[in-house]
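The structure appears right after this line, and notes come after that.
Letters go in sequence order (proteins before strands), and every chain restarts at 1.
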There are 2 protein chains.
Amino acid sequence: MATECKNCPLHTKDLFVSLKPEQLAEMQRFKVGELSIDPGTPLLMEGSNSPQLFTALRGMGLRYKTLQDGRRQVINLVFPGDFIGLQAGVMKEMKHSVEATTHMTLCVFDRGEFWNFFRNNPERGFDMTWLAAVEEHLLGESLATIGQRTASEAIAWTLLRIYRRGEAVGLVTNGHMPMPYKQQDLADCLGLSLVHTNKTLGRLRERQIVSWSEGQLQINDMESLAELAKDDGEPMPKRPLM
Amino acid sequence: MATECKNCPLHTKDLFVSLKPEQLAEMQRFKVGELSIDPGTPLLMEGSNSPQLFTALRGMGLRYKTLQDGRRQVINLVFPGDFIGLQAGVMKEMKHSVEATTHMTLCVFDRGEFWNFFRNNPERGFDMTWLAAVEEHLLGESLATIGQRTASEAIAWTLLRIYRRGEAVGLVTNGHMPMPYKQQDLADCLGLSLVHTNKTLGRLRERQIVSWSEGQLQINDMESLAELAKDDGEPMPKRPLM
DNA sequence: CGGTTGTTTGACGCCCTTCAACGAGCGTGG
DNA sequence: CCACGCTCGTTGAAGGGCGTCAAACAACCG
(Lines give C-alpha, C1' and ligand atoms only; values in the text may rest on other atoms or scores of the structure.)
Protein backbone atom coordinates (compact mmCIF):
# COMPACT_ATOMS: atom_id res chain seq x y z
CA MET A 1 0.00 0.00 0.00
CA ALA A 2 1.88 3.00 -1.27
CA THR A 3 2.16 6.11 0.83
CA GLU A 4 0.47 9.13 -0.66
CA CYS A 5 2.70 12.14 -1.00
CA LYS A 6 0.33 14.33 0.92
CA ASN A 7 0.65 11.90 3.81
CA CYS A 8 4.40 11.62 3.46
CA PRO A 9 5.87 11.32 6.94
CA LEU A 10 8.89 13.34 5.92
CA HIS A 11 7.74 16.55 4.38
CA THR A 12 6.67 17.97 7.70
CA LYS A 13 10.11 17.54 9.26
CA ASP A 14 11.82 20.86 9.47
CA LEU A 15 14.95 19.59 7.78
CA PHE A 16 13.01 19.95 4.55
CA VAL A 17 11.56 23.00 2.91
CA SER A 18 7.83 22.70 2.95
CA LEU A 19 5.94 21.82 -0.17
CA LYS A 20 2.86 23.56 -1.43
CA PRO A 21 -0.19 21.36 -1.95
CA GLU A 22 0.07 21.59 -5.72
CA GLN A 23 3.68 20.56 -5.53
CA LEU A 24 2.71 17.55 -3.50
CA ALA A 25 0.21 16.73 -6.20
CA GLU A 26 2.91 17.06 -8.82
CA MET A 27 5.14 14.71 -6.91
CA GLN A 28 2.30 12.28 -6.65
CA ARG A 29 1.96 12.31 -10.42
CA PHE A 30 5.66 11.84 -10.90
CA LYS A 31 5.80 8.97 -8.46
CA VAL A 32 5.20 5.63 -10.08
CA GLY A 33 5.32 3.36 -7.08
CA GLU A 34 7.02 2.27 -3.96
CA LEU A 35 9.86 -0.16 -3.50
CA SER A 36 10.63 -2.18 -0.44
CA ILE A 37 13.98 -3.91 -0.13
CA ASP A 38 15.79 -6.02 2.39
CA PRO A 39 19.05 -5.24 4.16
CA GLY A 40 22.06 -5.82 1.97
CA THR A 41 20.17 -5.42 -1.27
CA PRO A 42 21.96 -3.41 -3.95
CA LEU A 43 19.71 -0.65 -5.21
CA LEU A 44 21.84 0.89 -7.92
CA MET A 45 25.10 -0.38 -9.30
CA GLU A 46 28.06 1.55 -10.55
CA GLY A 47 27.91 1.65 -14.31
CA SER A 48 24.25 0.78 -14.41
CA ASN A 49 21.77 2.82 -16.35
CA SER A 50 18.80 2.58 -14.07
CA PRO A 51 15.40 3.56 -15.43
CA GLN A 52 14.37 4.69 -11.99
CA LEU A 53 14.99 7.40 -9.48
CA PHE A 54 14.24 7.11 -5.80
CA THR A 55 13.81 8.99 -2.66
CA ALA A 56 14.41 7.14 0.55
CA LEU A 57 11.26 7.06 2.61
CA ARG A 58 12.25 4.74 5.44
CA GLY A 59 15.43 2.93 6.34
CA MET A 60 19.10 3.59 5.87
CA GLY A 61 21.72 2.68 3.31
CA LEU A 62 25.00 3.76 1.85
CA ARG A 63 26.52 4.98 -1.38
CA TYR A 64 29.97 3.76 -2.26
CA LYS A 65 32.55 3.40 -4.96
CA THR A 66 35.01 0.58 -5.35
CA LEU A 67 38.42 0.90 -6.92
CA GLN A 68 39.47 -1.81 -9.28
CA ASP A 69 41.59 -3.54 -6.65
CA GLY A 70 38.61 -3.85 -4.37
CA ARG A 71 39.18 -1.03 -1.93
CA ARG A 72 35.88 0.58 -1.11
CA GLN A 73 35.09 4.20 -0.37
CA VAL A 74 31.76 5.03 1.16
CA ILE A 75 30.66 8.31 -0.40
CA ASN A 76 27.97 8.97 2.14
CA LEU A 77 25.21 7.40 4.13
CA VAL A 78 21.65 7.34 2.86
CA PHE A 79 18.96 8.62 5.19
CA PRO A 80 15.23 9.12 4.85
CA GLY A 81 14.65 12.04 2.55
CA ASP A 82 17.68 11.48 0.36
CA PHE A 83 17.19 11.55 -3.36
CA ILE A 84 18.93 8.69 -5.13
CA GLY A 85 19.92 8.36 -8.74
CA LEU A 86 20.26 11.95 -9.84
CA GLN A 87 23.47 11.03 -11.64
CA ALA A 88 21.69 8.45 -13.71
CA GLY A 89 19.01 11.05 -14.26
CA VAL A 90 21.25 13.60 -15.93
CA MET A 91 24.31 11.62 -16.96
CA LYS A 92 24.37 8.36 -18.76
CA GLU A 93 24.98 6.10 -15.83
CA MET A 94 25.65 5.80 -12.15
CA LYS A 95 29.16 6.48 -11.00
CA HIS A 96 28.74 4.73 -7.70
CA SER A 97 26.64 2.03 -6.11
CA VAL A 98 23.87 2.32 -3.58
CA GLU A 99 22.79 -0.41 -1.24
CA ALA A 100 20.39 -0.84 1.62
CA THR A 101 21.78 -1.35 5.09
CA THR A 102 18.46 -1.79 6.86
CA HIS A 103 15.15 -2.66 5.38
CA MET A 104 14.22 0.28 3.19
CA THR A 105 11.19 1.60 1.44
CA LEU A 106 11.63 4.07 -1.37
CA CYS A 107 9.46 6.21 -3.56
CA VAL A 108 10.07 5.33 -7.18
CA PHE A 109 10.08 7.81 -10.03
CA ASP A 110 10.32 7.15 -13.72
CA ARG A 111 13.52 8.45 -15.18
CA GLY A 112 11.90 8.74 -18.57
CA GLU A 113 9.60 11.35 -17.14
CA PHE A 114 12.42 13.23 -15.49
CA TRP A 115 12.88 15.82 -18.16
CA ASN A 116 9.16 16.38 -18.58
CA PHE A 117 8.80 16.76 -14.88
CA PHE A 118 11.61 19.22 -14.88
CA ARG A 119 10.15 21.31 -17.69
CA ASN A 120 6.66 21.36 -16.30
CA ASN A 121 7.72 22.17 -12.78
CA PRO A 122 10.50 24.70 -12.86
CA GLU A 123 10.22 25.25 -9.14
CA ARG A 124 10.83 21.61 -8.51
CA GLY A 125 13.60 21.69 -11.08
CA PHE A 126 15.17 24.46 -9.12
CA ASP A 127 14.82 22.35 -6.01
CA MET A 128 16.60 19.54 -7.77
CA THR A 129 19.53 21.82 -8.40
CA TRP A 130 19.34 22.94 -4.83
CA LEU A 131 19.45 19.35 -3.68
CA ALA A 132 22.47 18.64 -5.80
CA ALA A 133 24.18 21.70 -4.40
CA VAL A 134 23.49 20.55 -0.86
CA GLU A 135 24.94 17.14 -1.70
CA GLU A 136 27.97 18.83 -3.14
CA HIS A 137 28.42 20.88 -0.02
CA LEU A 138 28.19 17.82 2.19
CA LEU A 139 30.73 15.99 0.10
CA GLY A 140 33.03 18.97 0.44
CA GLU A 141 32.77 18.67 4.18
CA SER A 142 33.53 14.99 4.01
CA LEU A 143 36.57 15.76 1.93
CA ALA A 144 37.79 18.15 4.58
CA THR A 145 37.20 15.50 7.19
CA ILE A 146 39.03 12.70 5.47
CA GLY A 147 41.80 14.99 4.33
CA GLN A 148 42.40 17.05 7.42
CA ARG A 149 40.96 15.48 10.52
CA THR A 150 42.70 12.82 12.55
CA ALA A 151 41.04 9.47 13.07
CA SER A 152 39.38 10.38 16.34
CA GLU A 153 38.30 13.77 15.06
CA ALA A 154 36.89 12.22 11.93
CA ILE A 155 34.99 9.55 13.79
CA ALA A 156 33.64 12.05 16.26
CA TRP A 157 32.59 14.30 13.42
CA THR A 158 30.86 11.52 11.56
CA LEU A 159 28.96 10.21 14.55
CA LEU A 160 27.88 13.72 15.41
CA ARG A 161 26.64 14.31 11.92
CA ILE A 162 24.75 11.05 11.88
CA TYR A 163 23.11 11.86 15.15
CA ARG A 164 22.08 15.31 14.04
CA ARG A 165 20.71 14.11 10.76
CA GLY A 166 18.83 11.42 12.61
CA GLU A 167 17.33 14.00 14.94
CA ALA A 168 16.28 16.10 11.99
CA VAL A 169 14.23 13.30 10.51
CA GLY A 170 12.87 11.98 13.74
CA LEU A 171 14.92 8.84 14.15
CA VAL A 172 16.19 9.67 17.61
CA THR A 173 14.17 8.49 20.59
CA ASN A 174 15.35 8.99 24.16
CA GLY A 175 18.79 9.93 22.99
CA HIS A 176 19.07 6.69 21.06
CA MET A 177 19.84 6.83 17.38
CA PRO A 178 19.63 3.69 15.24
CA MET A 179 23.08 2.93 13.90
CA PRO A 180 22.74 -0.12 11.71
CA TYR A 181 26.12 0.14 10.02
CA LYS A 182 29.15 -2.01 10.64
CA GLN A 183 32.43 -0.66 11.89
CA GLN A 184 33.80 -1.59 8.51
CA ASP A 185 31.32 0.80 6.91
CA LEU A 186 32.47 3.64 9.09
CA ALA A 187 36.08 2.76 8.33
CA ASP A 188 35.34 2.86 4.61
CA CYS A 189 33.66 6.23 5.08
CA LEU A 190 36.80 7.70 6.49
CA GLY A 191 39.53 5.85 4.68
CA LEU A 192 40.63 4.20 7.91
CA SER A 193 41.41 0.59 8.63
CA LEU A 194 38.88 -1.47 10.49
CA VAL A 195 41.26 -2.15 13.34
CA HIS A 196 42.14 1.46 13.89
CA THR A 197 38.51 2.47 13.67
CA ASN A 198 37.63 -0.08 16.28
CA LYS A 199 40.32 1.04 18.67
CA THR A 200 39.47 4.68 18.23
CA LEU A 201 35.82 3.95 18.89
CA GLY A 202 36.85 2.07 21.99
CA ARG A 203 38.72 5.10 23.25
CA LEU A 204 35.69 7.33 22.66
CA ARG A 205 33.62 4.88 24.61
CA GLU A 206 36.07 4.74 27.51
CA ARG A 207 36.12 8.49 27.66
CA GLN A 208 32.35 8.42 27.98
CA ILE A 209 31.82 10.58 24.95
CA VAL A 210 29.76 8.32 22.74
CA SER A 211 28.66 4.75 22.90
CA TRP A 212 27.74 2.70 19.91
CA SER A 213 26.69 -0.85 20.45
CA GLU A 214 23.99 -3.17 19.32
CA GLY A 215 22.99 -0.91 16.52
CA GLN A 216 22.33 2.06 18.78
CA LEU A 217 24.25 5.28 18.96
CA GLN A 218 24.19 7.34 22.11
CA ILE A 219 25.95 10.58 22.83
CA ASN A 220 27.00 10.87 26.42
CA ASP A 221 28.93 14.09 26.25
CA MET A 222 27.77 16.27 23.42
CA GLU A 223 30.06 19.10 24.29
CA SER A 224 33.22 17.04 24.23
CA LEU A 225 32.11 15.36 21.07
CA ALA A 226 31.51 18.61 19.23
CA GLU A 227 34.82 19.91 20.42
CA LEU A 228 36.66 16.80 19.37
CA ALA A 229 34.91 16.85 16.02
CA LYS A 230 36.00 20.43 15.49
CA ASP A 231 32.47 21.01 14.42
CA ASP A 232 31.88 24.49 13.13
CA GLY A 233 28.44 24.46 14.65
CA GLU A 234 26.62 25.49 11.55
CA PRO A 235 23.06 24.26 11.46
CA MET A 236 22.17 21.44 9.12
CA PRO A 237 21.22 23.11 5.84
CA LYS A 238 17.59 22.90 4.90
CA ARG A 239 16.95 21.04 1.72
CA PRO A 240 14.12 20.24 -0.63
CA LEU A 241 12.37 16.91 -0.52
CA MET A 242 11.57 15.11 -3.73
CA MET B 1 35.84 44.44 -23.76
CA ALA B 2 33.59 41.61 -22.77
CA THR B 3 33.55 38.40 -24.74
CA GLU B 4 30.25 37.72 -26.43
CA CYS B 5 28.77 34.36 -25.60
CA LYS B 6 28.48 33.41 -29.22
CA ASN B 7 32.21 33.93 -29.52
CA CYS B 8 32.99 32.13 -26.31
CA PRO B 9 36.24 30.25 -26.78
CA LEU B 10 34.97 27.41 -24.62
CA HIS B 11 31.65 26.27 -25.93
CA THR B 12 33.20 24.62 -28.95
CA LYS B 13 35.47 22.42 -26.86
CA ASP B 14 34.12 18.92 -26.85
CA LEU B 15 34.25 18.68 -23.07
CA PHE B 16 31.07 20.71 -23.13
CA VAL B 17 27.70 19.90 -24.56
CA SER B 18 27.04 22.24 -27.41
CA LEU B 19 24.63 25.10 -27.02
CA LYS B 20 21.94 26.05 -29.46
CA PRO B 21 22.10 29.61 -30.79
CA GLU B 22 19.05 30.66 -28.81
CA GLN B 23 20.62 29.26 -25.67
CA LEU B 24 23.72 31.30 -26.33
CA ALA B 25 21.49 34.32 -26.67
CA GLU B 26 19.85 33.49 -23.36
CA MET B 27 23.22 33.24 -21.68
CA GLN B 28 24.17 36.55 -23.17
CA ARG B 29 21.11 38.11 -21.58
CA PHE B 30 21.87 36.52 -18.23
CA LYS B 31 25.45 37.66 -18.30
CA VAL B 32 25.95 41.05 -16.74
CA GLY B 33 29.64 41.52 -17.29
CA GLU B 34 33.11 40.21 -17.13
CA LEU B 35 35.53 40.22 -14.24
CA SER B 36 39.26 40.14 -14.42
CA ILE B 37 41.28 39.38 -11.32
CA ASP B 38 44.91 38.95 -10.38
CA PRO B 39 46.60 35.87 -8.99
CA GLY B 40 45.90 35.37 -5.32
CA THR B 41 42.68 37.35 -5.32
CA PRO B 42 39.86 35.83 -3.33
CA LEU B 43 36.75 35.57 -5.47
CA LEU B 44 34.25 34.19 -3.00
CA MET B 45 34.65 33.77 0.71
CA GLU B 46 33.23 31.11 2.97
CA GLY B 47 30.19 32.52 4.68
CA SER B 48 29.77 35.29 2.16
CA ASN B 49 26.50 35.92 0.43
CA SER B 50 27.71 36.95 -2.95
CA PRO B 51 25.29 38.69 -5.30
CA GLN B 52 27.11 37.18 -8.24
CA LEU B 53 27.68 33.91 -10.00
CA PHE B 54 30.58 33.22 -12.30
CA THR B 55 31.85 30.93 -14.90
CA ALA B 56 35.58 30.77 -15.34
CA LEU B 57 36.51 31.89 -18.80
CA ARG B 58 40.29 31.99 -18.60
CA GLY B 59 42.78 31.14 -15.91
CA MET B 60 42.88 28.74 -13.02
CA GLY B 61 42.00 28.85 -9.36
CA LEU B 62 41.00 26.72 -6.44
CA ARG B 63 38.11 26.12 -4.09
CA TYR B 64 38.93 25.37 -0.49
CA LYS B 65 37.60 25.14 3.02
CA THR B 66 39.49 25.94 6.17
CA LEU B 67 38.86 24.30 9.51
CA GLN B 68 38.79 26.56 12.50
CA ASP B 69 42.34 25.64 13.49
CA GLY B 70 43.64 26.73 10.13
CA ARG B 71 44.05 23.43 8.33
CA ARG B 72 43.01 23.86 4.74
CA GLN B 73 41.35 21.41 2.42
CA VAL B 74 41.30 22.15 -1.26
CA ILE B 75 37.94 20.96 -2.55
CA ASN B 76 38.92 21.08 -6.16
CA LEU B 77 40.74 23.09 -8.75
CA VAL B 78 38.96 25.63 -10.88
CA PHE B 79 39.42 25.39 -14.63
CA PRO B 80 38.01 27.28 -17.56
CA GLY B 81 34.39 26.31 -17.94
CA ASP B 82 33.71 25.78 -14.26
CA PHE B 83 30.62 27.38 -12.81
CA ILE B 84 31.27 29.12 -9.53
CA GLY B 85 28.87 30.12 -6.84
CA LEU B 86 26.01 27.70 -7.32
CA GLN B 87 25.87 27.19 -3.58
CA ALA B 88 25.31 30.86 -3.00
CA GLY B 89 22.75 30.71 -5.78
CA VAL B 90 20.51 28.16 -4.12
CA MET B 91 21.55 28.23 -0.47
CA LYS B 92 22.02 31.28 1.64
CA GLU B 93 25.75 31.50 1.51
CA MET B 94 28.99 29.97 0.30
CA LYS B 95 30.30 27.04 2.24
CA HIS B 96 33.81 27.35 0.91
CA SER B 97 36.11 29.95 -0.56
CA VAL B 98 37.31 30.40 -4.10
CA GLU B 99 40.45 32.17 -5.10
CA ALA B 100 42.39 32.81 -8.26
CA THR B 101 45.74 31.12 -8.72
CA THR B 102 46.60 32.68 -12.05
CA HIS B 103 45.17 35.76 -13.59
CA MET B 104 41.55 34.95 -14.31
CA THR B 105 38.72 36.36 -16.30
CA LEU B 106 35.18 35.32 -15.45
CA CYS B 107 31.73 35.80 -16.84
CA VAL B 108 29.53 37.41 -14.25
CA PHE B 109 25.86 36.63 -13.72
CA ASP B 110 23.40 38.34 -11.47
CA ARG B 111 22.26 36.07 -8.69
CA GLY B 112 19.05 38.03 -8.38
CA GLU B 113 18.14 36.91 -11.86
CA PHE B 114 19.01 33.31 -11.14
CA TRP B 115 15.52 32.13 -10.42
CA ASN B 116 14.02 34.00 -13.33
CA PHE B 117 16.62 32.57 -15.60
CA PHE B 118 15.86 29.15 -14.30
CA ARG B 119 12.14 29.49 -14.80
CA ASN B 120 12.40 30.95 -18.26
CA ASN B 121 14.93 28.44 -19.47
CA PRO B 122 14.05 25.02 -18.18
CA GLU B 123 16.62 23.43 -20.45
CA ARG B 124 19.33 25.52 -18.93
CA GLY B 125 17.90 24.80 -15.53
CA PHE B 126 18.22 21.16 -16.27
CA ASP B 127 21.80 21.77 -17.33
CA MET B 128 22.43 23.47 -14.03
CA THR B 129 21.31 20.34 -12.23
CA TRP B 130 23.44 18.32 -14.58
CA LEU B 131 26.42 20.48 -13.75
CA ALA B 132 25.86 20.04 -10.06
CA ALA B 133 25.60 16.30 -10.54
CA VAL B 134 28.89 16.25 -12.43
CA GLU B 135 30.50 18.21 -9.63
CA GLU B 136 29.11 15.78 -7.14
CA HIS B 137 30.49 12.88 -9.09
CA LEU B 138 33.93 14.43 -9.26
CA LEU B 139 33.92 15.09 -5.54
CA GLY B 140 33.03 11.47 -5.02
CA GLU B 141 36.07 10.45 -6.98
CA SER B 142 38.22 12.78 -4.95
CA LEU B 143 36.85 11.24 -1.79
CA ALA B 144 37.85 7.81 -3.03
CA THR B 145 41.28 9.14 -3.84
CA ILE B 146 41.95 10.75 -0.51
CA GLY B 147 40.40 7.91 1.39
CA GLN B 148 41.78 4.92 -0.43
CA ARG B 149 44.78 5.79 -2.54
CA THR B 150 48.31 5.99 -1.20
CA ALA B 151 50.27 9.21 -1.56
CA SER B 152 51.91 8.28 -4.85
CA GLU B 153 48.71 6.89 -6.28
CA ALA B 154 46.81 9.97 -5.25
CA ILE B 155 49.37 12.34 -6.68
CA ALA B 156 49.55 10.38 -9.91
CA TRP B 157 45.78 10.37 -10.13
CA THR B 158 45.53 14.09 -9.54
CA LEU B 159 48.18 15.05 -12.04
CA LEU B 160 46.61 12.78 -14.61
CA ARG B 161 43.23 14.34 -14.05
CA ILE B 162 44.63 17.83 -14.32
CA TYR B 163 46.35 16.99 -17.54
CA ARG B 164 43.26 15.46 -19.07
CA ARG B 165 41.06 18.33 -18.04
CA GLY B 166 43.64 20.68 -19.47
CA GLU B 167 43.62 18.81 -22.75
CA ALA B 168 39.87 18.96 -22.86
CA VAL B 169 39.82 22.73 -22.70
CA GLY B 170 42.82 23.30 -24.92
CA LEU B 171 45.40 24.28 -22.34
CA VAL B 172 47.96 21.68 -23.38
CA THR B 173 50.50 22.59 -26.02
CA ASN B 174 53.31 20.25 -27.06
CA GLY B 175 52.64 18.00 -24.14
CA HIS B 176 53.03 20.92 -21.75
CA MET B 177 50.25 21.73 -19.37
CA PRO B 178 50.32 24.94 -17.31
CA MET B 179 50.50 24.00 -13.66
CA PRO B 180 50.44 27.22 -11.71
CA TYR B 181 49.76 25.71 -8.32
CA LYS B 182 52.18 25.31 -5.47
CA GLN B 183 53.14 21.99 -4.00
CA GLN B 184 51.32 23.12 -0.90
CA ASP B 185 48.13 23.39 -2.93
CA LEU B 186 48.48 19.84 -4.15
CA ALA B 187 49.23 18.69 -0.63
CA ASP B 188 46.08 20.41 0.62
CA CYS B 189 44.13 18.73 -2.17
CA LEU B 190 45.12 15.33 -0.94
CA GLY B 191 45.40 15.79 2.78
CA LEU B 192 49.14 15.18 2.64
CA SER B 193 51.96 17.09 4.22
CA LEU B 194 54.01 19.37 2.06
CA VAL B 195 57.18 17.43 2.74
CA HIS B 196 55.76 14.11 1.80
CA THR B 197 54.16 15.56 -1.30
CA ASN B 198 57.48 16.97 -2.35
CA LYS B 199 59.33 13.72 -1.87
CA THR B 200 56.70 11.71 -3.63
CA LEU B 201 56.79 14.11 -6.55
CA GLY B 202 60.55 13.74 -6.60
CA ARG B 203 60.20 10.00 -6.87
CA LEU B 204 57.77 10.32 -9.75
CA ARG B 205 60.23 12.59 -11.47
CA GLU B 206 63.15 10.21 -10.94
CA ARG B 207 61.13 7.37 -12.34
CA GLN B 208 60.55 9.49 -15.42
CA ILE B 209 56.80 9.32 -15.12
CA VAL B 210 55.88 12.97 -14.81
CA SER B 211 57.83 16.16 -14.45
CA TRP B 212 56.43 19.29 -12.93
CA SER B 213 58.66 22.27 -12.70
CA GLU B 214 58.48 25.95 -13.41
CA GLY B 215 54.74 25.89 -13.62
CA GLN B 216 54.66 23.28 -16.36
CA LEU B 217 53.39 19.74 -16.13
CA GLN B 218 54.67 17.12 -18.51
CA ILE B 219 53.78 13.48 -18.67
CA ASN B 220 56.67 11.35 -19.75
CA ASP B 221 55.14 7.94 -19.32
CA MET B 222 51.39 8.04 -19.61
CA GLU B 223 50.98 4.32 -19.28
CA SER B 224 52.84 4.04 -16.01
CA LEU B 225 51.07 7.09 -14.71
CA ALA B 226 47.62 5.71 -15.45
CA GLU B 227 48.57 2.42 -13.91
CA LEU B 228 49.97 4.03 -10.80
CA ALA B 229 46.91 6.24 -10.53
CA LYS B 230 44.68 3.17 -10.70
CA ASP B 231 42.69 5.17 -13.16
CA ASP B 232 39.56 3.44 -14.26
CA GLY B 233 39.98 4.88 -17.70
CA GLU B 234 36.52 6.30 -17.96
CA PRO B 235 36.32 9.27 -20.26
CA MET B 236 35.89 12.70 -18.76
CA PRO B 237 32.15 13.22 -18.47
CA LYS B 238 30.70 15.79 -20.78
CA ARG B 239 29.12 18.68 -19.02
CA PRO B 240 27.07 21.76 -19.77
CA LEU B 241 28.65 25.16 -19.98
CA MET B 242 26.99 28.11 -18.36
C1' DC C 1 27.90 -28.10 17.40
C1' DG C 2 30.60 -26.30 13.58
C1' DG C 3 30.35 -22.21 10.49
C1' DT C 4 29.81 -17.49 9.71
C1' DT C 5 29.83 -12.62 10.65
C1' DG C 6 31.22 -8.78 13.37
C1' DT C 7 33.83 -6.92 17.33
C1' DT C 8 37.94 -6.72 20.06
C1' DT C 9 42.83 -6.90 21.29
C1' DG C 10 47.97 -7.35 20.81
C1' DA C 11 52.31 -7.03 18.23
C1' DC C 12 54.94 -5.10 14.70
C1' DG C 13 56.25 -2.07 11.12
C1' DC C 14 55.85 1.42 7.68
C1' DC C 15 53.91 5.45 5.55
C1' DC C 16 53.51 9.77 6.52
C1' DT C 17 54.03 13.88 9.67
C1' DT C 18 56.78 17.03 12.07
C1' DC C 19 60.87 19.57 12.92
C1' DA C 20 64.73 21.66 11.02
C1' DA C 21 67.73 23.51 7.80
C1' DC C 22 69.48 24.88 3.27
C1' DG C 23 69.34 26.66 -1.45
C1' DA C 24 67.41 29.15 -5.41
C1' DG C 25 64.94 32.90 -7.32
C1' DC C 26 63.35 37.49 -6.92
C1' DG C 27 61.96 41.94 -5.59
C1' DT C 28 63.20 45.86 -2.39
C1' DG C 29 65.95 49.27 -0.48
C1' DG C 30 70.23 51.17 1.14
C1' DC D 1 75.68 46.70 -6.59
C1' DC D 2 74.91 43.82 -2.94
C1' DA D 3 72.58 42.82 1.36
C1' DC D 4 68.28 41.52 3.01
C1' DG D 5 63.88 39.35 3.37
C1' DC D 6 60.43 36.54 1.48
C1' DT D 7 58.54 32.62 -0.99
C1' DC D 8 58.95 28.20 -2.68
C1' DG D 9 61.31 23.89 -3.53
C1' DT D 10 64.30 20.37 -1.58
C1' DT D 11 66.44 17.23 1.68
C1' DG D 12 67.60 14.76 6.16
C1' DA D 13 66.32 12.85 10.59
C1' DA D 14 63.22 11.35 14.07
C1' DG D 15 58.88 9.94 15.79
C1' DG D 16 54.04 8.71 15.80
C1' DG D 17 49.58 7.59 13.85
C1' DC D 18 47.75 4.29 11.44
C1' DG D 19 47.90 -0.12 8.59
C1' DT D 20 48.68 -4.99 8.50
C1' DC D 21 48.85 -9.52 10.41
C1' DA D 22 47.02 -12.66 13.55
C1' DA D 23 44.05 -14.57 16.80
C1' DA D 24 40.48 -14.75 20.17
C1' DC D 25 35.74 -13.83 21.48
C1' DA D 26 30.66 -13.16 21.11
C1' DA D 27 26.39 -13.75 18.77
C1' DC D 28 23.67 -15.97 15.69
C1' DC D 29 22.12 -19.84 12.84
C1' DG D 30 21.26 -24.03 10.22
(message) Without decimals, in angstroms, what is the distance between B:Lys182 NZ and D:dT7 P?
(response) 9 Å
(request) Would you classify B:Gly215 as touching base, sugar-phosphate or nothing, given that sugar-phosphate means primed atoms plus P, OP1 and OP2, and contacts are heavy atoms under 4.0 Å? (result) nothing
(message) What does the B/S/- profile of nucleotides 10-17 of chain D look like, 5' to 3', with a 4.0 Å heavy-atom cutoff to protein?
(response) BBBB----
(message) Without decimals, in angstroms, what is the distance between A:Gln184 CD and C:dT7 P?
(response) 9 Å
(request) For the helix from C:dC1-D:dG30 to C:dG30-D:dC1, figure out the bend between the end axes, five pairs an end, and round to 10 degrees. (result) 20°
(request) Output yes when A:Arg239 and A:Asp82 qualify as a salt bridge under the 4.0 Å nitrogen-oxygen rule, no when they do not. (result) yes
(request) Mind calculating the distance between CG (A:Leu192) and P (D:dT20) to the nearest angstrom? (result) 11 Å
(message) For A:Lys199, is there an ion pair with A:Glu206 - N to carboxylate O distance below 4.0 angstrom?
(response) no
(request) Would you mind classifying the nucleic acid contact of A:Gly40 as base, sugar-phosphate or nothing, using non-hydrogen atoms under 4.0 angstrom? (result) nothing
(request) Taking only Lys NZ, Arg NE, NH1 and NH2, and the carboxylate oxygens of Asp or Glu, determine whether B:Asp231 and B:Arg164 approach each other closer than 4.0 Å. (result) yes
(message) Is any side-chain heavy atom of B:Glu99 closer than 4.5 Å to one of B:Leu62?
(response) yes
(message) Just the rounded figure in Å: distance from P of D:dA27 to CD of A:Glu214.
(response) 9 Å
(message) Less than 4.0 angstrom from a charged side-chain N to a carboxylate O is my criterion; do A:Arg63 and B:Glu136 meet it?
(response) yes
(request) Write down the distance between CZ (A:Arg71) and P (D:dG19), rounded to a whole number of angstrom. (result) 12 Å
(request) Taking the side chain as every heavy atom from C-beta outward, state whether A:Leu57 and A:Cys8 have any atom pair closer than 4.5 Å. (result) yes
(message) Please report the distance, rounded to the nearest Å, between CD in B:Gln148 and P in C:dC16.
(response) 13 Å
(request) Could you tell me whether B:Lys65 and B:Asp188 have a side-chain N and a carboxylate O separated by less than 4.0 Å? (result) no
(message) Between B:Asp232 and A:Lys95, does any NZ, NE, NH1 or NH2 come within less than 4.0 Å of an OD or OE carboxylate oxygen?
(response) no
(message) Could you check whether any side-chain N or O of B:Ser48 sits under 3.5 Å from a backbone N or O of B:Leu44, counting only pairs where one atom can act as donor and the other as acceptor?
(response) no
(request) May I have the distance from A:Asp188 (atom CG) to D:dC18 (atom P), rounded to whole angstrom? (result) 16 Å
